[in-house]
Amino acid sequence: MAPLAEAVPVIHSAVTTGGAGDVAFNAVIDSFRSDLGVLNPPGACAPGPCTTGRREINWDAVPPGFSSPNAFPGDFFNGTTGIQPAGRIRGATFTTPGTGFRVSASEFSDEAGFGPAEFDAFSPARLFASMGSNITDVTFSVPGSPGLAATVRGMGVVFADVDYTGSASLEFFDTSGASLGLFPVEGVFPTADGRNSQGSFSFLGVSFNAGERVSRVRIVSGAHGIDGTYTGLDDAVVMDDFIYAEPQAVPEPLTSALVGAGLAGLLAFRRRRST
């Protein structure tokens with residue numbers, strides 16, 4: 001296995017103005033899915049984790065009570081069987097330095113004066129966005145065990161209406177908090193010349209294959225929160241499908257394991273001396 005410093009992330013990136021049915025665009029997403037493994041459906045291996053595969057969130061089953069104009073709770077997909085339906089147990093929690101999250105009821109035409117043509121849903125009919133900030137942090141836990149930290153080896157996101165490259169991005173962090181890389185999302189108009197990209201989709205998926213483990217992904221989507229006032233070249237960006245590898249439990253630190261083994265050996269030695 002190559003040292004982490006020599007690791008080269010595997011990047012799957014595409015953009016389309018041809019709608020959700022664009023064959024070439026979907027082929028890039030399917031290639032990323034294949035890279036991560038077979039889909040583990042909602043409730044699979046609960047409490048988990050499954051040993052291989054991937055998870056997906058497309059927001060479409062979020063009920064009206066948690067859809068706009070109501071707030072969406074960041075731990076919606078990180079419950080336990082006795083508390084939440086099994087379909088929500090997917091090992092991902094969302095936080096933001098802003099005021100919260102919304103899942104659209106009507107493609108966010110009810111937010112910040114956006115018209116019905118501003119955003120399209122990639123997997124109809126709901127979309128996801130942060131409020132009061134353009135930052136969404138995704139942290140992982142073992143599905144069904146929200147208190148047990150986990151890592152993944154890759155994640156991808158479908159974005160709606162990215163005007164120019166870099167107005168959205170993914171940054172990956174390991175268990176020590178060190179960045180594994182910041183990756184810009186491709187936009188329709190890389191020159192940011194002010195043209196509109198309504199109805200477009202962008203996809204960025206990044207996986208790691210040299211032993212890196214991702215504990216958190218920071219998503220930047222647009223100029224600011226979906227509830228802000230957009231002027232000039234401010235880019236309004238929202239999100240649809242999240243695709244990520246099956247969260248795996250963070251192993252016990254090696255130092256703790258060695259200390260434990262040393263103590264066990266010392267106790268055994270003392271028992272032998274005392275007999």
Side-chain angles (χ1 to χ4, degrees), residues 1-4 6-14 20 22-61 76-81 84-94 122-123 128 136-146 148-159 170-175 180-181 183 185 201-219 239-252:
M1 182 175 65
L4 297 187
E6 299 178 10
V8 178
V10 180
I11 301 172
H12 296 73
S13 178
D22 185 302
V23 173
F25 183 77
N26 279 276
V28 173
I29 299 176
D30 287 342
S31 177
F32 181 70
R33 287 179 169 130
S34 296
D35 182 11
L36 298 186
V38 298
L39 177 64
N40 296 323
C45 311
C50 299
T51 57
T52 59
R54 71 179 193 275
R55 300 277 177 161
E56 296 195 15
I57 297 172
N58 61 20
W59 318 106
D60 302 326
F76 186 88
F77 288 108
N78 192 34
T80 58
T81 303
Q84 293 180 318
R88 298 186 193 177
I89 301 175
R90 306 190 202 182
T93 298
F94 314 112
F122 180 71
S123 55
F128 175 74
T136 298
D137 283 314
V138 186
T139 56
F140 302 99
S141 62
V142 173
S145 301
L148 187 56
T151 60
V152 302
R153 65 178 187 86
M155 180 175 178
V157 178
V158 175
F159 295 86
L170 300 179
E171 186 171 10
F172 297 79
F173 297 87
D174 66 15
T175 54
L180 296 171
F183 304 87
V185 175
F201 297 109
S202 298
F203 175 74
L204 176 62
V206 181
S207 62
F208 300 88
N209 58 12
E212 309 94 323
R213 301 305 300 180
V214 177
S215 64
R216 177 170 62 94
V217 179
R218 169 158 288 189
I219 305 170
M239 296 160 274
D240 205 328
D241 295 20
F242 283 20
I243 305 169
Y244 52 96
E246 177 71 18
Q248 302 292 320
V250 175
E252 182 181 3

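The chain is numbered in sequence order, starting from 1.
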- Item | Nearest atoms (heavy-atom pairs only) where Asn40 meets Thr52 | ND2-O, 2.8 Å

- Item | Non-hydrogen atoms of Phe32 and Met155 that approach each other most closely | CZ-C, 3.4 Å

- 4.5 Å side-chain heavy-atom contact, Pro143 and Pro247: yes

- Message: Return the CD1 to CG distance between Ile219 and Asp137, rounded to the nearest 0.5 Å.
- Response: 8.5 Å

- Assign the ring pair Phe140 / Tyr244 to parallel, tilted or perpendicular, where the plane angle (0 to 90°) is split at 30° and 60°. tilted

- Message: Looking at Leu180, is its backbone amide N or carbonyl O close enough to the side chain of Asp174 to form a donor-acceptor pair, meaning the two atoms are under 3.5 Å apart?
- Response: no

- Item | Validation row, ring centre Phe128 to ring centre Phe94 under 6.0 Å | yes

- Query: What is the ring orientation for Trp59 with Phe77, classed by angle as parallel under 30°, tilted 30 to 60°, or perpendicular over 60°?
  - Reply: perpendicular

- What distance separates Phe122 CZ from Asn26 CG, expressed to the nearest 0.5 Å? 4.0 Å

- With a 4.0 Å cut-off, would you call Arg153 and Glu212 a salt bridge? no

- Message: Minimum heavy-atom separation for Ala92 and Asn78, please, with both atom names.
- Response: O-CB, 3.5 Å

- Task: Mind listing the closest non-hydrogen atom pair of Gln248 and Cys50 along with its distance?
- Result: NE2-O, 2.8 Å

- Task: With rounding to the nearest 0.5 Å, note down the distance linking CG in Leu39 to CD in Glu56.
- Result: 5.0 Å

- Task: Taking all heavy atoms of Phe203 and all of Val157, pick out the closest pair and write down the distance.
- Result: CD1-O, 3.3 Å

- Message: Restricting to non-hydrogen atoms, name the atom on Val142 and the atom on Ala150 that form the minimum distance, rounded to 0.1 Å.
- Response: N-CB, 3.6 Å

